Amino acid sequence: MNKHSQTSMPSPVWAPSDERVKSSAMDKFRRWINTQYHLALKNYQQLHRWSIEEPERFWQSIWIFTEVKGEMGVGPYLLNAERMPGAQWFPNATLNYAENLLYPEGFECFNDHEREQMSDKAALICFGDDGIEGIRKEVTYQVLRRRVAKLQRALEESGVGAGDVVAGYLPNCFQTVIAMLATSSLGAVWTSCSPDFGVKGVLDRFSQTKPKVLFTVDGYQYGGKEIDMRDKSAAVADALPSLSAVVQVNFLHPDATLPVLHKQSNVTYFQVYMDNDAITPTFHPCAFDDPLYVLYSSGTTGTPKCIVHGIGGTLLQHRKEHLLHCDITQNDVLFFFTTCGWMMWNWLASGLASGATIVLFDGNPLDREDKLWRIAEQEKISALGTSAKYLSALEQSGFKPAVQCQLSELKLIMSTGSPLSPSSYDFVYQDIAEDLCLASISGGTDIVSCFALGNPTLPVWRGELQSLGLGMDVAVYDSEGRAVFGEKGELVCCHPFPCMPLGFWDDNTNDIPHGHKYHRAYFERFCNVWAHGDYAEITPNNGLVIHGRADAVLNPGGVRIGTAEIYRQVERLDDVVESLAIGQPWEDDQRVILFVVLKTGSVLTELLQQKIRRQIRDNTTPRHVPAKIIAVPELPRTISGKLVELAVKQVVMNETVTNTDALANPEVLNYFAALPELTKD
């Protein structure tokens, strides 16, 4: 039985059937834990409490239950359990990330026939900007292993070994996954940026990590427009003296020529580079805390931080999230709209460890409303991930996937990037599918995973993230560092977890363990507690509401307001596409300035301004009501699509925006700088 509602009454908008709960991996895990440890955990909340009270047993159990390939070694499996940072997980373990993805869960347990079927199964299905009208490419698990073997040997011949960095300046295509897997099979470190990054933005990142091999692309297509990448690729390669090879993927045109390099001579095509007789990959045995990925902060406050994530922590966390929280198995087809410059790409790739089929898409999802849904229909996607912004835009477009597409296999929709508005919950259940789990998820690049996410055993409550992640001791602190419930405050994690970063690249100091920048980013606010930087609230349903970034919290009259609280109300109005709010110092206080992007044909009249203010006042408080409302043609975003309140605030306060290369549309800041409304009553 499922329940859905369009009202804001205190009842769930969806609840799983008893059969679905019982058949879920999450409930099987609870029952298995009860058997293993002679417990009587009756529900998810009790399981979650046990997972944070018994972290060593819990994460050991995750390793066993999710069938991680590798050796745990002798215990103890957690040292320095009360230190953050400083805890050490599985100190005697060995494993390899690529092996777990290329030989997924249960592979050794299959009989010969099952193993043959698994090898012939699609691992990757790839679409470009044209969607199903374009070229569909499929790579089976068997072919994937063979190509990884060939690329592995090529990287070895280029001098790549354990601990070396390999970089990709690439679109979301199967060659990117192959390059990442070949890199990690050697115990080397993968890092990537998507092609929409400018040359300076890429060099701000890659020049810090000094890659030995660079994978580039001839070009890509977005919104029907072809973008040649060879000049940009040449500029990046010439500025990286650490390179021993540059390898071009011909993604746009099979016969595209190579970029002309001036300081690097060893440049070749992807297919030529991997032209050897290797068939089966080998796997370098790695320690649990050996580095796997370097991800990058947005860079909106300065040079991007290079966040180093470990092999074991990333794999364990992703296996937990995919199998338990998303209920993904080898029978599923998993898709997440992402680019290689966003941590959701790394999260998506780990889905191979479940034996699932992964769908990759590189292009504009909104230039044709049905584009992603036709792919979902054709490929029978069962778990689909996107952004809150996409769902909001789809709702405003009037397109109704439930009416125009056959989505009978779809059981999970995930949304991230920004808080999902309550109205989007109504849209999903009314116009996409009645019986699915809608999982608004939140975490980020910092942990390459989630603090709060979906749960196949729990109901979905309108406007809430379903549950806190297993093993994640999440709390909300007030300004005094006290845990609060049903109140807004700082999102924190009170005890160590395996997917904490190993540290920041080149952040070694003698006086501060793990580095000064690392400590300042997460542990300066509260001692020995991870401060994530979100302004949040734990609900009576044990769910979570994200009210915006903590550094964007407004403070008119001394009252703390999360920007998402305003956005949720304003964007319910038909005339408003999206909005952004900042606090501006004004007469010994702070006033709220609201910027709105209006639908084509709408005008910000006095009547519309009154309507916006009334909508905010009636559904929040008078303190939330903006002093000024200003219509703008566009809002600034990072390359990964997140709104940048800080950049607008800096412009308004005549401060320097320190790194415009982190923005997808930096030119829009000129509009804000010229607004006369910000300097007069």
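Note that this is a predicted model, so its numbers are computed, not measured.
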I would like to know whether Val294 and Tyr296 meet side-chain contact (heavy atoms from CB on, under 4.5 Å); could you show each step before the answer? CA-CA 7 Å; Val294 176; Tyr296 304 97; 4.0 Å; yes

Minimum heavy-atom separation for Leu324 to Ala25, with atom names? CD2-O, 3.6 Å

Heavy-atom closest pair (Glu82 atom, Asn528 atom, distance to 0.1 Å) is O-ND2, 2.7 Å

Begin with the C-alpha distance, continue with both residues' side-chain angles, and end with the deciding distance and a verdict on ring pair (Phe, Tyr, Trp, His ring centres under 6.0 Å) for Phe497 and Phe58. CA-CA 11 Å; Phe497 47 95; Phe58 169 72; over 10 Å; no

Run the numbers on Phe90 and Trp63 for ring pair (Phe, Tyr, Trp, His ring centres under 6.0 Å), then give the verdict. CA-CA 10 Å; Phe90 299 93; Trp63 183 306; 5.2 Å; yes

Please lay out, stage by stage, how His48 and Ile52 fare under the test side-chain contact (heavy atoms from CB on, under 4.5 Å). CA-CA 7 Å; His48 181 267; Ile52 60 177; 4.2 Å; yes

Is atom CD of Gln46 surrounded by more than 12 heavy atoms (other residues, nucleotides or ligands) closer than 6.0 Å? yes

So Val359 and Leu384, side-chain contact (heavy atoms from CB on, under 4.5 Å) or not? Walk me through it. CA-CA 10 Å; Val359 175; Leu384 183 148; over 6 Å; no

Trace of the side-chain contact (heavy atoms from CB on, under 4.5 Å) decision for Trp347 with His322: CA-CA 9 Å; Trp347 189 93; His322 287 157; 3.3 Å; yes

Give the ring-plane orientation class for Tyr44 versus His325, where under 30° counts as parallel, over 60° as perpendicular and anything between as tilted. perpendicular

Only pairs at least two apart or in different chains count here, so list each salt bridge (Lys or Arg N to Asp or Glu O under 4.0 Å) that has a residue in residues 325-352. Asp332-Lys411

Around atom CZ of Arg49, are there more than 12 heavy atoms from other residues, nucleotides or ligands closer than 6.0 Å? no

Just by distance, no angles: are the side chains of Ser11 and Arg462 close enough, under 3.5 Å, to form a donor-acceptor pair? no

Test your reading of the model: is there a side-chain donor-acceptor pair from Asp289 to the backbone of Gly310, 3.5 Å cut-off? no

Distance-only side-chain donor-acceptor flag, Gln317 / Glu321, under 3.5 Å: yes

Does anything in residues 528-546 form a salt bridge (Lys or Arg N to Asp or Glu O under 4.0 Å)? List the pairs, not counting sequence neighbours. Asp534-Arg549

Whether Phe504 and Tyr522 hold their rings parallel, tilted or perpendicular, with breakpoints at 30° and 60°: perpendicular

Partner residues of Tyr390 under the ring pair (Phe, Tyr, Trp, His ring centres under 6.0 Å) criterion, sequence neighbours left out: none

Taking every non-hydrogen atom, the tightest pair across Asn96 and Ser185: ND2-O, 3.2 Å

